[in-house]
Amino acid sequence: MSYADLTFTGLKIADGKPEIPGLPSITASGSEAKTLELTCGDACAGLRVTLYYTILEKEGVILRHQKIENTGSQTLKLENAQSLSLELPAQEYDFLSLYGTHAKEANRFRFRAHHGVQKTESVRGSSSPQYQPFFALVSPGASEEKGEVRAFHLIYSGNFLAQAECDQFGNVRAQIGIHPDAFCWELSPGETFHTPEAVLNYSDDGLNGMSHNFHTLYRRHLFPRTFAGKECPILLNSWEGMCYDVSLDKIEEQSSLAKELGMELFVLDDGWFRAGNDSRSSMGDWTCNEKKLPGGIRAAAEIVRKNGLKFGLWFEPEAISRKSRLYENHPDWALHVPGYPMTEGRHEYLLDLTREDVRTYLKEMLDSYLKDGMIDYIKWDMNRPLTDVSSTLLPAEKKGETFHRYILGLYDILGWLKDTYPHVLVEGCSSGGARFDPGMLYYISQNWASDNTDAFDRTVIQSGFSLLYPPEVIGAHVSITPNHQTGRTTPLDTRYQAARLFNLGYEMDLTKCTEEEKNEIRRQTAEHIEERSRFLDGTFYRHDVPNDNYVMWSVVTEDECLAVVFQKFFDPLCSHGRFRLLGLDPDADYMDAESRKVYGGDELMQIGVTVPLVKEDFHTFVIRLKRAFCCTGL
Ligand code: GLA
């Protein structure tokens, strides 16, 4: 569309909030939300735009999206349809975003906003590990614990643009939405286009305040209802322990040991359908390799269930290998530009999810595995960005719709899965945390955060993701040491403490554990099972710490607080550290579970607890406090 002049035509205020057809969004009832609909029109262009503003007062957020209708008789072309645009007064802001790569996800990037445009974006077809569909405008000097934050998050899993433009007077315009590059949508007369939903979140309580608004919003109004607020099973994932070389004997051995050590779910990761022991073939066929697993997936599931665990299975439904029957039979099902060479990523291409026949194939394939009820969990992986983004079925004038149609296709399959198998727990993964976004979290209940399982790298990665997501959806596994990705050796206790407040799992060959390690793991799983229900809806804090040598997290409930402090290196000049708690009742007394000392809540928050530091690198300290009136049983 080359010109449009929209003028206000009407408004409506209603209780609740409308769903957005085909897209994930926040759900809220009439008593939880109120929505303002502003309608604007341009009779000459044949265009009507409805702007939706939903307020969720308790969660401290406003939701935005727009509906664009062609009311005329000509076909329109949408070239840029942002979800939110907000003018902010001239003042100093820091621009905060998250950047990363495979195995180094969710790092903070913060700088003083400057004149002109500053942005974070993805045109990789997915939200990507490079950037998160999020940014915040933060008052300079704001920290975890104090300061003003205006944050923007997009409930979408594809290309996005998130930007702040500071004009010549210092006024700032914040925008977030589908990336206009590689987007052009044809709107025929009578057709409607809906943008994804954006979340605007305000906190004057620092970054923790921002996180608490996001956590509460997503816990109450986004995550699949079957699993939201429920205890997450402790899993053993086969990937780091078995890699592609899976067998029934190993499954028997690992799952029986896992049960003995207190785990609850065994996940058979990649390898079960591969012709060989690498990533070069078989994607798309999804036929179990019975040379590896005689009797197929049913035999594997029976072993795991006989051993008293739930059974989970890995899929990468969107991928297709050149070496596969699916590719031989349907080469046109892969995204590709006819006449041009195709780009492989991890030896695979991506299926064209814009096609209904491809989506039907994938639903039938998943259904064939799920219908006998032997699978309790699916890990939905996706290991490459989108390239060669062209669909053979879309006419030339609709090619600009392919990226967005791919995501709509993905949501169609995930929506079918959620509706048909609401009791199957789905974990998202994309080479680790490459598609960890709120769009996915409408359909899935947890997300693998990173292929990097090193405890110390994880303190950065999980702190980053926790800015936006509550800890129970952030997958964190205890793995072996020296670590596969970093070669670093850390104590088993530290690896557990780094995962304990999150979605705890194990990812290692349990047969290699010493008796001492097995006893320690048994103690860890028992402790986690005992405490997890109490901390489920707890408030998660990242603490401002004395210096970069420390990371501190805590979870606080009405009566309890569990805090973990990570010490990177032992400093011979520091014999003790003092760490302040957050979120306690200043008027209550709390007892320390270890020392049985009683402290005032105000004292704990203003002065803190003094901890003798231990002469060990990568060491952790745990502080457990209970309100004094319920101390019995500590
Ligand atoms: C990705 C995932 C891993 C594992 C492998 C299997 O890299 O992030 O957790 O599932 O794929 O190929």
Side-chain angles (χ1 to χ4, degrees), residues 100-106 124 126-130 157 235-247 250-251 254 265-286 288-289 292-293 297 300 311-321 323-324 344-350 375 377-385 425-437 440 444-454 457-458 461-462 465 473-480 483-486 495 499 502-509:
T101 61
H102 173 240
K104 278 274 186 190
E105 294 86 348
R124 291 169 175 261
S126 70
S127 47
S128 88
Q130 278 71 25
S157 312
L235 63 81
L236 175 71
N237 178 294
S238 68
W239 179 240
E240 284 203 15
M242 297 186 201
C243 203
Y244 298 101
D245 192 11
V246 302
S247 72
K250 287 186 188 172
I251 293 170
Q254 297 291 330
L265 163 71
F266 175 84
V267 179
L268 181 58
D269 207 280
D270 200 346
W272 59 270
F273 61 94
R274 301 275 195 189
N277 281 340
D278 59 35
S279 62
R280 290 174 186 275
S281 71
S282 320
M283 280 290 185
D285 291 346
W286 302 110
C288 183
N289 179 343
K292 295 185 185 188
L293 304 176
I297 286 304
F311 178 70
L313 193 60
W314 182 92
F315 289 94
E316 193 180 337
E318 295 154 76
I320 175 168
S321 311
K323 273 202 220 157
S324 66
E344 270 190 348
R346 211 190 184 214
H347 309 291
E348 65 199 38
Y349 310 123
L350 287 170
I375 297 179
Y377 159 112
I378 281 185
K379 180 170 169 187
W380 184 297
D381 208 341
M382 194 274 208
N383 280 311
R384 52 157 301 169
L425 202 172
V426 185
E427 171 167 23
C429 175
S430 180
S431 305
R435 200 167 56 184
F436 200 156
D437 61 60
M440 291 303 287
I444 63 172
S445 307
Q446 55 196 63
N447 208 98
W448 182 224
S450 180
D451 281 349
N452 183 345
T453 52
D454 177 87
D457 282 355
R458 277 303 187 115
I461 295 167
Q462 291 163 209
F465 281 127
V473 302
I474 302 174
H477 296 175
V478 176
S479 63
I480 62 155
N483 181 269
H484 273 200
Q485 291 78 19
T486 62
R495 284 174 268 149
F502 292 80
N503 192 302
L504 173 69
Y506 290 77
E507 189 162 335
M508 53 168 72
D509 178 351

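Just follow the structure's listing: the first ligand is 1, and inside any ligand the first atom is 1. Hydrogens, waters and symmetry mates are skipped; everything else that's a heavy atom, side chains included, is used. Just so it is clear, the structure is predicted and the values come from calculations on it, not from any experiment.
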Applying a heavy-atom cut-off of 4.0 Å, say which part of [X] lies close to ligand 1: side chain, backbone, both or neither.
X	answer
Glu316	neither
Asn383	side chain
Arg274	neither

* To do: For the residue pair Gln446 and Asn503, confirm or rule out a side-chain donor-acceptor distance under 3.5 Å.
  => yes
* Do Asp269 and Trp272 have side-chain N/O donor and acceptor atoms under 3.5 Å apart? -> no
* Does the side chain of Ile444 come within less than 4.5 Å of Glu427's, by heavy atoms? -> no
* **Beyond-backbone contact of Leu268 with Phe311, side-chain heavy atoms, under 4.5 angstrom** => yes
Return the closest protein heavy atom for [atom] as residue, atom name and distance.
atom	value
atom 2 (C) of ligand 1	Asp381 OD2, 3.1 Å
atom 8 (O) of ligand 1	Asp451 OD1, 2.5 Å
atom 5 (C) of ligand 1	Trp239 CE2, 3.6 Å
atom 10 (O) of ligand 1	Asp269 OD1, 2.6 Å

* To do: Check whether any heavy atom of Met382 sits under 4.0 Å from an atom of ligand 1.
  => no
If the cut-off is 4.0 Å to any non-hydrogen atom of [X], which atoms of ligand 1 fall inside it?
X	result
Trp314	6 (C), 10 (O), 12 (O)
Cys429	2 (C), 8 (O)
Lys379	3 (C), 4 (C), 9 (O), 10 (O)
Trp448	8 (O), 9 (O)
Asp270	6 (C), 12 (O)
Gly432	8 (O)

* To do: Check the angle between the aromatic planes of Trp286 and Phe273 and answer parallel, tilted or perpendicular using the 30° and 60° thresholds.
  => tilted
* Asked: Do Asp245 and Lys250 meet the salt-bridge criterion of a basic N to acidic O distance under 4.0 Å?
  -> yes
* **Basic-acidic side-chain contact under 4.0 Å: Arg435, Glu318** => yes
* Can the positive tip of Arg274 be found less than 6.0 Å from the middle of the six-membered ring of Trp314, inside 45° of the ring normal? -> no
* **Minimum heavy-atom distance Arg280-Lys323, with the two atoms named** => O-CB, 3.9 Å
